Each structure stands twice: as structure tokens, then as C-alpha cells.
2 protein chains.
Amino acid sequence: MGLSRMLDVKPDPYVALCPSRKIIEVIGDKWSLLVIPLLIDGPKRNAELLRLIEGISQKMLTQTLKRLEEYNLVARRDYGEIPPRVDYRLTPLGQSLADVIGQLDNWVIKNFEELLHA
Amino acid sequence: MGLSRMLDVKPDPYVALCPSRKIIEVIGDKWSLLVIPLLIDGPKRNAELLRLIEGISQKMLTQTLKRLEEYNLVARRDYGEIPPRVDYRLTPLGQSLADVIGQLDNWVIKNFEELLHA
DNA sequence: CGGCATCCCTGTTGATACTG
DNA sequence: CAGTATCAACAGGGATGCCG
């Protein structure tokens with residue numbers, strides 16, 4: 001490990017303005033948590049996602065995908081055809097995140113009953 | 001596995017009204033994601049959490065803790081003293097969730113740079 | 001100290017309509 | 001089909017003050 005590494009400030013989401021706080025918010029977002037796992041088994045189109053995620057609006061889907069794209073978690077692909085054909089897929093970074101979220105999902109399913117009656 | 005198990009309907013957060021959707025929202029909450037890891041190394045008091053989590057308000061802290069308590073993730077302990085002394089700790093269920101969230105945190109820290117530039 | 005109740009404002013969100 | 005734009009509605013969340 002080089003000296004420069006030792007000088008790095010490690011991200012701390014408990015500090016309000018630390019960028020990692022924002023990242024926590026993006027990842028820990030209700031819709032992100034639903035969109036990301038859907039992309040694991042291949043690219044999906046806008047209308048497909050809209051149909052698969054009951055209750056999401058076009059607006060929220062677009063907004064969620066854009067934010068995930070900003071953070072390099074999802075890649076948007078426009079085929080330039082008419083009628084329009086666009087799909088979204090996980091980047092390698094997004095794939096690795098999807099694995100972690102998958103664990104979260106499994107946890108929820110596994111502990112579902114116990115969570116409910118509390 | 002008994003027959004009854006096979007008849008269980010598995011929770012599906014992609015259905016708007018499925019309770020698992022609500023659970024996803026509770027867990028995937030900005031403040032929950034910050035509070036839970038803090039409780040891993042022992043009980044914490046209200047004022048302590050307020051100080052540790054920069055930017056959280058009393059109102060949001062209370063609301064977050066209550067919701068986590070509802071889902072049996074956190075236990076509130078009132079010592080019945082005067083002045084008041086109350087602390088919050090993870091339940092066993094909460095502990096197991098904390099492990100998963102810890103993985104998410106580690107992922108964020110590990111991929112911090114890559115997320116930022118995007 | 002812990003935390004509830006209130007007020008109030010802002011931002012998020014949904015619905016609708018429109019465009020390339 | 002994929003998205004944008006606009007508007008109205010509502011809830012999230014902060015600030016303050018009060019109480020056990």
C-alpha cells in the first residue's frame with residue numbers, strides 16, 4: 001500500500017456532507033432496491049420494468065434509472081430505432097451491488113414471518 | 001418440511017400490497033441504515049444516537065426507532081429512573097439484519113471511488 | 001433526559017398531457 | 001415506445017415548545 005493510500009480520508013456516512021451519505025440514500029432507496037434485482041438476469045426495457053414493479057410510476061422509474069446511471073450502477077442502451085428501443089442493464093459495479101442486495105432480499109424472505117408479527 | 005409449508009405463499013415485494021414491500025421500505029430507509037449499524041456494539045441512548053448521526057432530528061430518530069421496534073428489530077429499554085434513562089439495542093433478529101447491512105456498508109466503502117466518478 | 005404535540009414549509013410524488 | 005413537462009396534492013421532515 002502506497003503512502004498516498006494512508007492519507008486517504010475514509011468515507012463516513014455519519015457525517016452529513018460526506019458523499020457516502022448520498023450513496024447510502026441512493027442504494028437504500030425503495031425503488032432502487034426493487035429495480036436492481038430485476039436486472040440481474042439480463043437487460044430490461046422501460047415498459048417491462050413498469051409492468052414488473054407494481055405501483056411504480058413512469059416518473060419514478062425514469063428518475064431511479066437515471067440516478068443509478070449517474071453512479072455507474074446501470075447502463076442505458078439506446079438502439080436508435082424507431083419506434084424507440086432502449087434497455088437497461090447492470091454494469092459490473094452494479095452486478096456486484098446486486099449480489100449484496102440479493103442477500104438483503106433473502107434475509108427478508110427468510111425472516112418474513114418473524115418480522116410481521118413482531 | 002411439512003405439507004403446510006408447501007402451501008405458504010412466498011412474499012413478493014413486487015406486488016404493491018405485499019407486506020414484504022413495506023419491509024423493504026423500512027429497511028431501505030436512509031436513517032434505519034445508519035441507526036442499525038451503530039447498535040451492533042451495544043445499547044445506545046437517545047442523546048448518543050442524536051450526536052453520532054449528524055443531521056438527524058429528534059423527530060426522525062424517534063420515528064425510526066419506533067418503526068424498528070414495531071418490526072422487532074430493536075428493543076427499547078426504559079430504566080424507569082429520574083432523570084429518564086432509556087436505551088436501545090438490537091434484538092436477535094436485528095442482529096442478523098445488521099450483519100447484512102454491514103455487508104452493504106462494506107461494499108460502499110470498498111467501491112466508494114468508483115461510485116463517485118461514474 | 002427522553003420524547004410528544006404542534007405548526008409549517010418544502011420536496012417528493014402521482015396524474016395528466018404532450019413529443020420525438 | 002420511451003420519455004419529458006407541467007401542475008396539484010400530499011407527506012416528509014425541521015423547528016419549537018411543553019411535559020413526565
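Just so you know, these numbers come straight off a predicted model, no measurement behind them. Letters go in sequence order (proteins before strands), and every chain restarts at 1.
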I want to verify a distance call: between C/dG2, D/dG13, C/dG14, whose nearest atom is closest to the B/Met60 side chain? D/dG13
Using the side-chain contact (heavy atoms from CB on, under 4.5 Å) definition, which of the options B/Ile27, B/Leu93, B/Leu97, B/Ile23 pairs with B/Tyr71? B/Ile23
When you compare the side chain of B/Gln58 with that of B/Asn46, does any pair of heavy atoms fall below 4.5 Å? yes
From the options A/Val108, A/Asp105, A/Thr64, A/Ile101, select the one residue that forms a side-chain contact (heavy atoms from CB on, under 4.5 Å) with A/Leu33. A/Ile101
Grab the CD-C1' distance between A/Gln63 and D/dT4 for me, whole Å please. 13 Å
Taking CD from B/Glu25 and P from C/dT12, how many angstroms apart are they, rounded to a whole number? 17 Å
With a 4.0 Å limit, can you tell me whether A/Asn46 has a side-chain N or O closer than that to the phosphate oxygens OP1/OP2 of D/dC1? no
So does B/Arg76 get a side-chain nitrogen or oxygen closer than 4.0 Å to the phosphate oxygens (OP1/OP2) of C/dG2? no
A/Leu61 CG to D/dT4 P: how many Å, rounded? 11 Å
Rounded to whole Å, the CD1-P distance (B/Ile56 to D/dA15) equals 13 Å
Using the side-chain contact (heavy atoms from CB on, under 4.5 Å) rule, pick out the option among A/Leu68, A/Ile40, A/Asp41 that qualifies with A/Leu90. A/Ile40
D/dT4 P sits how many Å from A/Gln58 CD, rounded? 8 Å
Assert: residue with more 5' nearest nucleotide on DNA chain D, out of A/Glu48 and B/Trp31, is A/Glu48
B/Arg45 vs C/dG2: side-chain N/O to OP1/OP2 distance below 4.0 Å: yes
Measure the CZ-CG distance between B/Arg45 and B/Leu50 for me, rounded to the nearest 0.5 Å. 12.5 Å
Closest to the 5' end of DNA chain C, once B/Ala47 and A/Gly55 are matched to their nearest nucleotides, is B/Ala47
D/dA5 phosphate, OP1 or OP2: any side-chain N/O from A/Lys59 under 4.0 angstrom? no
Looking for any heavy atom pair under 4.0 Å, which part of the strands does A/Tyr88 touch: base, sugar-phosphate only, or nothing? sugar-phosphate
Need to verify one output field. Residue with the more 5' nearest nucleotide on DNA chain C, A/Pro84 or A/Asp29? A/Asp29
Rounded to whole Å, CZ of A/Arg85 lies from P of D/dG3 at a distance of 13 Å
Nearest of C/dG2, C/dC4, D/dT4 to any side-chain atom of B/Lys66? C/dC4
